[in-house]
Number of protein chains: 2
Amino acid sequence: MGHSSATTFRGADVDLEMANQIAEAMQALATPSRVLILARLLESSCSVTELAEAVGMEQSAVSHQLRILRLLRLVVGERDGRNVLYALHDSHVGVLLEESANHVAHLRLADDEAAFAE
Amino acid sequence: MGHSSATTFRGADVDLEMANQIAEAMQALATPSRVLILARLLESSCSVTELAEAVGMEQSAVSHQLRILRLLRLVVGERDGRNVLYALHDSHVGVLLEESANHVAHLRLADDEAAFAE
DNA sequence: TGCACGTATGAACAACCATTCATGTAGTGT
DNA sequence: ACACTACATGAATGGTTGTTCATACGTGCA
């Protein structure tokens with residue numbers, strides 16, 4: 001049951017097409033609003049209105065961003081009465097978010113060490 | 001010697017400031033040119049001119065993007081005579097790239113399964 | 001010192017994008 | 001059918017950004 005690549009990742013494998021796909025996918029996390037939306041959905045799936053007030057955006061803006069995240073296969077929406085319940089597309093999205101957060105934490109750590117040295 | 005967070009990642013930890021930081025960091029991977037540059041540097045460090053012809057961009061464009069990647073702490077540059085040798089800032093950047101590539105591979109896999117089912 | 005090479009940077013421009021506003025569509029209850 | 005709620009979408013827009021062109025800076029060499 002592996003979803004991780006068995007072979008070690010080499011930069012030479014990244015051709016122009018793959019670079020485009022990676023860039024397109026990563027653009028999903030390139031805006032604070034989408035990060036907030038995904039982070040909220042990582043906690044639990046919820047409706048658009050809940051999402052809107054959770055992240056402090058207008059409903060329309062949230063719907064627009066959800067559309068993008070849907071097309072990028074990061075979230076899925078399912079009707080439930082008048083509401084549409086959104087959820088992360090799969091667990092791998094959570095991994096991506098976590099790795100990103102891990103990265104910024106890594107940077108902050110380096111900052112602290114630099115401040116310590118001066 | 002852990003650089004991975006010990007506690008499990010929760011979406012509730014992501015406030016507005018952290019979302020901004022994550023988004024800013026992930027914007028580095030949100031363009032094909034930068035992905036190609038990072039992928040090339042993952043293979044080995046090299047000069048700006050080498051980088052330019054490796055990814056098929058003009059030297060000026062590469063320098064501009066390198067400046068961004070430098071500010072985001074994803075690469076480091078060191079003078080060597082007339083050249084400036086660029087390298088990934090640390091190994092964690094490679095992890096980020098790999099995880100991104102992993103994600104798109106995951107998507108392609110899902111596509112294949114969908115085509116299989118129809 | 002002068003020149004060539006490698007790199008960085010500022011300005012300009014075109015393309016892209018996130019948000020807002022207005023409006024449309026779908027579902028629920030009366 | 002009507003009203004109301006929840007969500008989606010098109011157009012307009014202000015802001016951002018990647019690239020190009022021109023030019024400046026730094027370095028080694030003759």
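- Taken to the nearest 0.5 Å, the CG atom of A/Leu97 stands 5.5 Å off from the CG atom of A/Leu29.
- Between A/Asn83 and C/dG27 there is no side-chain polar atom (N or O) within less than 4.0 angstrom of OP1 or OP2.
- Mapped onto DNA chain C by nearest heavy atom, A/Ala61 and B/Arg70 fall at different nucleotides, with B/Arg70 at the one closer to the 5' end.
- Put simply, the residue from B/Asp90, B/Leu38, B/Leu51 that forms a side-chain contact (heavy atoms from CB on, under 4.5 Å) with B/Val75 is B/Leu38.
- A/Arg79 places a side-chain N or O within donor-acceptor distance of the main-chain N or O of A/Arg82, the cut-off being under 3.5 Å.
- If you take CD of A/Glu78 and C1' of C/dA26, they are 16 Å apart, rounded to a whole angstrom.
- Contact check, B/Ser33 against D/dT19: a side-chain N or O comes under 4.0 Å of OP1 or OP2.
- Across residues 35-43 of chain B, not one residue has a non-hydrogen atom less than 4.0 Å from an atom of DNA chain C.
- Summarising the geometry, atom OG belonging to B/Ser100 is positioned 9.5 Å from atom CE belonging to A/Met18; distances are rounded to the nearest 0.5 Å.
- Rounded to a whole Å, the CZ atom of B/Arg67 is 13 Å from the C1' atom of D/dT17.
- Distances shown here put a side-chain N or O of B/Gln27 below 4.0 Å from the OP1 or OP2 atom of D/dT17.
- Hydrophobic clustering, with ILVMFWY side chains joined whenever heavy atoms are under 4.5 angstrom apart, groups A/Met57 together with A/Leu42.
- An OP1 or OP2 oxygen of D/dA6 is reached within less than 4.0 angstrom by no side-chain nitrogen or oxygen of A/Tyr86.
- Residue A/Arg34 places none of its side-chain N or O atoms closer than 4.0 Å to OP1 or OP2 of C/dC17.
- The only member of A/Val93, A/Leu69, A/Leu96 that meets side-chain contact (heavy atoms from CB on, under 4.5 Å) when paired with A/Leu88 is A/Val93.
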Nucleotides 22-29 of chain D: which of its N/O atoms have a protein N/O under 3.5 Å away?
none

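- Distance CG/B/Leu72 to CE/B/Met26: 9.5 Å, rounded to 0.5 Å.
- If you take CG of A/Asn20 and C1' of D/dG18, they are 14 Å apart, rounded to a whole angstrom.
- Side chains of B/Glu53 and B/Thr49: no donor on one and acceptor on the other come within 3.5 Å.
- Protein atom CD1 of A/Ile68 is 14 Å distant from nucleotide atom C1' of D/dG10, rounded to whole Å.
- When the P atom of C/dT7 is taken as reference, atom CE of B/Met57 falls 14 Å away, rounded to whole Å.
- For A/Asn20 (side chain) and A/Leu16 (main-chain N/O), a donor-acceptor pair under 3.5 Å exists by modelled atom type.
- Distance CG (B/Leu69) to C1' (C/dA8): 15 Å, rounded to an integer number of Å.
- In terms of heavy atoms, A/Pro32 sits closest to B/Ala23 at N-CB, 3.4 Å.
- In this structure, CD of B/Glu58 is placed 18 Å from P of C/dT9, rounded to the nearest angstrom.
- Checked by distance alone, B/His64 brings no side-chain donor or acceptor within 3.5 Å of a matching partner on the base of D/dT17.
- Going from atom CG of A/Leu85 over to atom C1' of D/dC7 covers 12 Å, rounded to whole Å.
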